[in-house]
Amino acid sequence: MQELGAWRGEDLSPVDFPSWRAVFRLLIDVATDRALADVPLPTVVVLPGSAVNTMEALAGGGSPLYGRFDWQHTLQPFSYWHSAELAPFRTLRDRAMVYGIFGGTPRYLAAVNADR
């Protein structure tokens with residue numbers, strides 16, 4: 001909320017948006033603002049843990065929302081091979097060691113300096 005407020009030049013406090021419904025209403029208002037019609041606004045919604053199960057249940061055959069989702073996607077695990085592509089090392093041994101140390105977390109891999 002604070003980053004969105006800074007981007008829009010407004011003082012938005014998380015306290016003023018006590019529910020996800022209020023947050024989504026604000027995001028819809030921002031997305032439909034005519035002054036921003038030419039500005040690309042990528043929106044990413046991340047649903048962790050039980051929220052994923054809830055959404056899967058809503059998309060299931062017995063749900064009133066069945067067939068109404070425009071897009072669904074299941075993310076595959078971030079594997080060793082993906083991690084190796086991000087590692088700043090060429091040898092498989094060094095890439096495997098980096099994966100073992102950092103667990104393949106992309107943000108941690110960005111901090112690795114191969115020269116050191």
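Computed from a predicted structure; not experimentally measured. Just so you know, these numbers use all the heavy atoms, side chains as well, and skip hydrogens, waters and symmetry mates.
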Chemist: Which heavy atom of L26 sits nearest to which heavy atom of R8, and what is that distance?
Modeler: CD1-NH1, 4.0 Å
Chemist: Is there a chain of hydrophobic side chains (I, L, V, M, F, W, Y, each step under 4.5 Å between heavy atoms) that links W81 to Y99?
Modeler: yes
Chemist: Between the side chains of D94 and T91, does any donor sit under 3.5 Å from an acceptor?
Modeler: yes
Chemist: Taking everything shown except F89 itself, do over 12 heavy atoms lie less than 6.0 Å from its CZ?
Modeler: yes
Chemist: What's the separation between atom CH2 in W7 and atom CG in L12, rounded to the nearest 0.5 Å?
Modeler: 11.5 Å
Chemist: Minimum heavy-atom separation for R90 to R95, with atom names?
Modeler: O-NE, 4.0 Å
Chemist: List the atom of S63, the atom of A57, and the distance in Å for their closest heavy-atom pair.
Modeler: CB-O, 3.5 Å
Chemist: Please name the residue in the list V23, V15, D16 that meets the side-chain contact (heavy atoms from CB on, under 4.5 Å) test with M1.
Modeler: V23
Chemist: Linking I/L/V/M/F/W/Y whenever any side-chain heavy atoms sit under 4.5 Å apart, do M97 and L92 land together?
Modeler: no
Chemist: Does E10, at its CD atom, have more than 12 non-hydrogen atoms belonging to other residues, nucleotides or ligands within less than 6.0 Å?
Modeler: yes
Chemist: For D29, I'd like to know if atom CG has over 12 heavy atoms of other residues, nucleotides or ligands within 6.0 Å.
Modeler: yes
